[in-house]
Amino acid sequence: MRVREDLALVTTVDAFTPVVDDPFDYGRIAAINSLSDIYAMGARPLSALSVAGFPDTRLPLDVLAEVLRGLVAGAASVGVPVLGGHTVKNSEPLFGLAVTGVIHPDRILRKGAGQAGDVLVLTKPLGIGVLTTAIKNERLDAEGLRRVTELMLTANARAAEIMVEQGARAATDITGFGLLGHLLEMVTGAGVGAELRFDAVPVLDEAFELARQGLFPGGARTNLRAYSERLEFDPLLEEWQRLLLTDPQTSGGLLITFAPEQAEDALAALQTAGVPA
């Protein structure tokens with residue numbers, strides 16, 4: 001919403017059920033995930049309100065307190081205060097943030113602003129859905145749990161700053177629709193197509209073997225079915241490889257388009273800043 005010629009407000013809301021067992025980490029991840037939509041627009045988040053659903057007859061209230069403490073801590077880690085919020089009874093835990101940010105109206109990055117010939121850059125590896133499913137099935141070791149938790153707790157703040165500095169044309173964040181679903185949104189808006197090389201797509205090491213074993217969240221298969229008529233796969237790609245490309249991500253990375261002449265400098269800047277692009 002434009003409030004001045006040089007200032008617009010952007011608002012977004014997101015909430016999801018637990019992806020890790022630790023209540024505090026769940027709250028932190030929920031906060032970082034909710035902030036991602038603001039970063040994907042190239043905007044700066046200002047403040048947030050908590051959105052919470054909690055089964056108070058099934059879980060003790062100290063769990064609620066820990067999740068809320070994590071929400072506040074996650075937002076504070078990138079300088080965003082949680083000013084208040086609302087909690088309701090729910091059959092299962094459901095937490096997130098409603099976030100308000102600011103941006104110059106002429107500098108908003110949109111999903112569909114890419115152009116033919118642009119280079120696609122992804123700032124986090126895929127496989128988060130595979131690993132969070134492994135957590136629920138008790139098939140992920142301590143190191144794998146540490147790595148995927150650390151990845152979900154990595155905010156897209158620095159990546160967003162750099163993509164704006166480097167002149168990105170379009171951007172979105174990779175969440176529940178998986179890489180291919182969110183890429184389809186981008187190319188549909190731009191009126192173009194896209195081509196991916198599977199071996200160029202970054203994937204968490206721990207996710208490969210679990211994916212080969214077919215350990216995916218239900219959403220990966222739902223996504224693949226939903227998009228199948230709009231995709232053309234190399235016949236050599238196995239089903240597990242296709243499912244990795246539709247694996248729902250929690251607090252995933254940014255998918256960004258750059259003009260070809262800007263791509264190498266943008267990649268170098270991201271990598272120098274420690275962003276695994």
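Small disclaimer: the values here were computed from a predicted structure and weren't measured.
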So for atom [atom1], which belongs to [X], do other residues, nucleotides or ligands contribute more than 12 heavy atoms lying within a distance under 6.0 Å?
X: E143; atom1: CD; answer: yes
X: E264; atom1: CD; answer: no
X: F16; atom1: CZ; answer: yes
X: R197; atom1: CZ; answer: no
X: E165; atom1: CD; answer: yes

Donor-acceptor pair, distance only, cut-off 3.5 Å: does the side chain of [X] make one with the backbone of [Y]?
X: N223; Y: T246; answer: yes
X: S77; Y: G74; answer: yes
X: R242; Y: L237; answer: yes
X: T100; Y: L46; answer: no
X: K89; Y: T57; answer: no
X: Y39; Y: L254; answer: no
X: T149; Y: R146; answer: no

Is there a side-chain contact between [X] and [Y] in this structure, where contact means two heavy atoms from C-beta onward sitting under 4.5 Å apart?
X: F208; Y: V203; value: yes
X: L94; Y: E92; value: no
X: L126; Y: D247; value: no
X: M163; Y: T123; value: no
X: L145; Y: D21; value: no
X: T132; Y: P217; value: no
X: L9; Y: V102; value: yes
X: L153; Y: I29; value: yes

Considering non-hydrogen atoms only, spot the tightest contact between [X] and [Y] and give its length.
X: K124; Y: L151; result: NZ-O, 2.9 Å
X: I128; Y: G252; result: CD1-CA, 4.3 Å
X: P55; Y: P93; result: CD-N, 3.7 Å
X: V187; Y: A194; result: CG1-CB, 3.7 Å
X: A157; Y: V78; result: CB-CG1, 4.4 Å
X: I32; Y: M152; result: CG2-O, 3.6 Å

L184 vs L231, side chain to side chain contact (heavy atoms under 4.5 Å, CB included): CA-CA, chis, key distance, verdict:
CA-CA 9 Å; L184 276 169; L231 304 170; 4.1 Å; yes

So V19 and I135, side chain to side chain contact (heavy atoms under 4.5 Å, CB included) or not? Walk me through it.
CA-CA 8 Å; V19 290; I135 294 170; over 6 Å; no

Joint hydrophobic cluster, [X] plus [Y], side-chain heavy atoms closer than 4.5 Å:
X: L243; Y: V148; value: yes
X: L35; Y: L83; value: no
X: F177; Y: V13; value: no
X: F198; Y: L224; value: yes
X: V10; Y: L7; value: no

Quick one: [atom1] on [X] to [atom2] on [Y], what's the gap to the nearest 0.5 Å?
X: R110; Y: T172; atom1: CZ; atom2: OG1; value: 13.0 Å
X: L120; Y: M186; atom1: CG; atom2: CE; value: 6.5 Å
X: L267; Y: F258; atom1: CG; atom2: CZ; value: 7.5 Å
X: L64; Y: F95; atom1: CG; atom2: CZ; value: 5.0 Å
X: E239; Y: R221; atom1: CD; atom2: CZ; value: 6.0 Å
X: F233; Y: L196; atom1: CZ; atom2: CG; value: 9.5 Å

Side chain to side chain contact (heavy atoms under 4.5 Å, CB included), that's the test. Do S36 and T175 meet it? Break it down for me.
CA-CA 9 Å; S36 192; T175 52; 5.7 Å; no

Residue that, paired with R147, satisfies side chain to side chain contact (heavy atoms under 4.5 Å, CB included) out of D141, L131, D205
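Result: among D141, L131, D205, D205 is the only option passing the side chain to side chain contact (heavy atoms under 4.5 Å, CB included) with R147.
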
Start with the C-alpha gap between E66 and R69, add the side-chain angles, then the distance that decides, and say whether salt bridge (Lys or Arg N to Asp or Glu O under 4.0 Å) holds.
CA-CA 5 Å; E66 276 297 285; R69 192 169 70 87; 2.9 Å; yes

Are N33 and T250 linked by a side-chain donor-acceptor pair shorter than 3.5 Å?
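Checked: N33/T250 side chains show no N/O donor-acceptor pair below 3.5 Å.
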
